[in-house]
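The block underneath contains the structure these notes are about, expressed in structure tokens.
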2 protein chains.
Amino acid sequence: MLSFTEENYLKCIFKLTEKTNHRVSTNAIAKVTGSSAASVTDMLKKLAEKELVDYARYKGVHLSPTGRHIATQLVRKHRLWEVFLVDKLGFSWDEVHDIAEELEHIKSDLLIERMDQFLGLPKFDPHGDPIPTASGKFTIRQQVPMNKASQGQRLVVLGVQEHSKAFLRYLDNLSIHIGTQLVIQEKNSFDQSMKVLIDDKHSQLLGEHICKKLLVNEI
Amino acid sequence: MLSFTEENYLKCIFKLTEKTNHRVSTNAIAKVTGSSAASVTDMLKKLAEKELVDYARYKGVHLSPTGRHIATQLVRKHRLWEVFLVDKLGFSWDEVHDIAEELEHIKSDLLIERMDQFLGLPKFDPHGDPIPTASGKFTIRQQVPMNKASQGQRLVVLGVQEHSKAFLRYLDNLSIHIGTQLVIQEKNSFDQSMKVLIDDKHSQLLGEHICKKLLVNEI
DNA sequence: TTTTATTTTTAGACTAATCAAAATTTATTT
DNA sequence: AAATAAATTTTGATTAGTCTAAAAATAAAA
């Protein structure tokens with residue numbers, strides 16, 4: 001049985017290696033966990049002892065198949081709880097991360113499978129991130145940062161690449177959420193801003209930052 | 001912010017002092033937590049330091065008003081989560097205790113108030129135990145152990161005084177649950193057993209143990 | 001009221017997770 | 001290739017929670 005802390009380290013390593021699949025350094029882990037490099041080293045040795053990571057002194061780590069599976073299930077639990085909080089309890093998408101961070105450590109496979117059923121087997125969480133299956137498979141779909149889209153295109157918002165409360169609240173104020181339709185009316189190359197029509201209702205100028213962080217697909 | 005462990009001690013002291021409101025001994029706590037008397041002493045000193053209990057060496061403890069409030073809120077959370085697991089996720093009443101034991105430590109007042117609303121402001125949990133309000137009030141109602149009832153009485157099951165899986169499963173097999181109606185057909189004084197008619201469907205002989213642990217009221 | 005038994009506390013030690021500071025290894029410059 | 005910088009590990013210590021064994025206080029019995 002893994003501790004809360006061990007689980008958090010596995011999830012952290014998972015998130016850091018997810019995209020590149022390269023080994024991740026001690027310092028990189030220390031930076032995101034907010035703990036010291038010394039603490040990270042200690043924990044990596046412990047996780048290596050349990051064969052959850054492949055660790056070599058001074059060379060960083062990556063997850064073993066078992067470690068990856070555990071981390072994936074933590075992500076599954078986190079995202080399913082987020083769906084529950086938003087869909088059933090009426091939380092907004094900027095309020096659920098911290099609570100789900102605690103709930104993901106509840107140890108019951110039956111609970112999470114029942115929850116999955118109860119929620120209608122959702123494939124994506126309230127931020128548009130894919131929910132892995134019990135066997136660890138993520139649904140992949142076509143999506144690009146909105147700044148890659150062209151003038152005149154009609155898009156649907158599928159996700160966000162930033163999860164900060166401030167960013168999510170800002171989108172809320174613009175009535176932009178998962179599923180919102182956007183039509184690109186103007187693309188200003190000098191500052192990378194875009195004028196978009198939101199859900200066929202009102203036009204809005206969006207800055208470069210927003211355009212890069214919104215994940216969309218053409219419809 | 002209290003630790004998981006500190007919360008568990010508070011809840012334990014609450015349960016031990018709930019009925020009598022007397023001070024509880026170190027050994028009594030050690031017995032139910034399964035930890036050593038030495039560990040209990042250490043923890044009592046820590047809780048006293050935080051003014052959550054009134055502790056005097058060799059004299060046992062009782063909860064301070066603050067300690068009692070925290071313990072009551074833990075009971076509230078535990079019982080609301082049990083309602084959720086049974087009513088929404090389809091767990092049976094013998095499966096929910098251990099999961100709720102973990103869930104009760106999730107730290108979010110908003111979460112528990114939203115959950116309360118979502119569940120329809122239940123006043124009792126799946127075992128018939130009262131759910132304290134956010135301000136700490138328990139609903140009181142008339143109920144007695146079934147062995148106190150007389151022949152010919154029509155009763156409704158309101159609760160149980162034993163929460164073991166074995167006991168709860170046994171009741172399930174007899175189709176006895178919260179809300180079941182029972183008519184006392186015979187009372188055997190020699191062995192304290194009773195013959196009862198269950199939900200006007202079938203008769204069943206219930207042993208002394210069952211009769212003492214079933215909480216009922218006349219209807 | 002002494003003696004004995006029980007309960008409780010203290011003392012000393014262990015594990016898990018953490019840190020700062022020192023030592024070591026690897027990477028980068030010169 | 002040597003010197004310097006950066007990253008990582010080791011060392012030694014701290015805190016929370018736990019334990020056993022010994023000591024102290026209280027309760028019960030003779």
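Just so it is clear: chains get the letters A, B, ... in the order the sequence lines come, proteins before strands, and each one is counted from 1. Computed from a predicted structure; not experimentally measured. In what follows, every heavy atom counts, from backbone to side chain, and hydrogens, waters and symmetry copies are set aside.
When heavy atoms are screened at a 4.0 angstrom cut-off, B:Phe4 is found touching no nucleic acid atom at all. The residue B:Ser39 sits close to a base: some heavy atom pair falls under 4.0 Å. Residue B:Ser36 is classed as a base contact, given a heavy-atom separation below 4.0 Å to a base. Note on A:Thr41: a base of the nucleic acid sits closer than 4.0 angstrom, heavy atoms only.
Side-chain nitrogen and oxygen atoms of A:Tyr55 include at least one within less than 4.0 Å of the OP1 or OP2 phosphate oxygen of D:dT9. Phosphate proximity of D:dA16 to B:Thr5: absent, as no side-chain N or O sits under 4.0 Å from OP1 or OP2. An OP1 or OP2 oxygen of C:dT10 is reached within less than 4.0 angstrom by a side-chain nitrogen or oxygen of B:Arg57. The side chain of A:Tyr9 places an N or O atom within less than 4.0 Å of a non-bridging phosphate oxygen (OP1 or OP2) of C:dT18. Applying the 4.0 Å criterion to OP1 and OP2 of C:dT10, one finds that B:Lys45 has a side-chain N or O inside that range. Listed pair B:Asn27 / C:dT8 meets the phosphate criterion, a side-chain N or O lying under 4.0 Å from OP1 or OP2.
For DNA chain C, none of the residues of residues 11-20 of chain B falls under the heavy-atom distance limit of 4.0 Å.
Using cut-offs of 30° and 60° for the angle between ring planes, the B:Phe4 and B:His105 rings count as tilted. Taking the six-membered ring where the residue is Trp, B:Phe167 and B:His209 present perpendicular rings, their angle passing 60° and hence far from 30°.
Electrostatic pairing of B:Glu7 and B:Lys107 counts as a salt bridge here, judged by a charged N lying under 4.0 Å from a carboxylate O. Comment: B:Asp94 does not engage B:Lys165 in a salt bridge, judged by the lack of any side-chain N to carboxylate O separation of less than 4.0 angstrom.
Atoms CG (A:Asp42) and P (C:dT15) sit 15 Å apart, rounded to a whole Å. When rounded to the nearest whole Å, the span between CD of B:Glu7 and P of D:dA16 equals 16 Å. Look at CZ on B:Arg23: it is 12 Å from P on C:dT8, rounded to the nearest Å. Between B:Tyr58 atom OH and D:dA25 atom C1' the separation is 4 Å, expressed in whole Å. Rounded to whole Å, the distance from CG on A:Leu44 to C1' on D:dA7 is 14 Å. Taking atom CG on A:Asn8 and atom C1' on C:dA16, their separation rounds to 15 Å, with Å as the unit. Summarising the geometry, the separation between CE on B:Met43 and P on D:dT15 is reported as 16 Å, rounded to the nearest angstrom. The NZ atom of A:Lys59 sits 10 Å away from the C1' atom of C:dA27 (whole-angstrom rounding).
Side-chain proximity of A:Ala38 to D:dA21, D:dT10, D:dT9: nearest is D:dT10.
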(request) Starting from the C-alpha separation in whole Å, work towards a yes-or-no answer on ring-ring contact (aromatic ring centres under 6.0 Å, His included) for B:Phe84 and A:Phe84. (result) CA-CA 12 Å; B:Phe84 170 71; A:Phe84 170 72; 5.1 Å; yes
(request) Show your working on salt bridge (charged side-chain N to carboxylate O under 4.0 Å, His left out) between A:Glu113 and A:Arg76 and close with a plain yes or no. (result) CA-CA 10 Å; A:Glu113 295 323 311; A:Arg76 172 169 165 77; 2.7 Å; yes
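Not one N or O on the side chain of B:Ser39 forms a donor-acceptor pair closer than 3.5 Å with the backbone of B:Ser35.
Residue-to-nucleotide proximity on DNA chain C shows that, of B:Ala37 and A:Ser3, the 5′-proximal contact is made by B:Ala37. Closest-nucleotide positions on DNA chain C for A:Glu6 and B:Ala28 were compared, and the one nearer the 5' end corresponds to B:Ala28.
In summary, the aromatic rings of A:His127 and A:His97 are positioned with their centroids too far apart to meet the 6.0 Å limit.
Remark: C:dT30 base-pairs with D:dA1. Criterion, Watson-Crick or G-U wobble with two distances under 3.5 Å.
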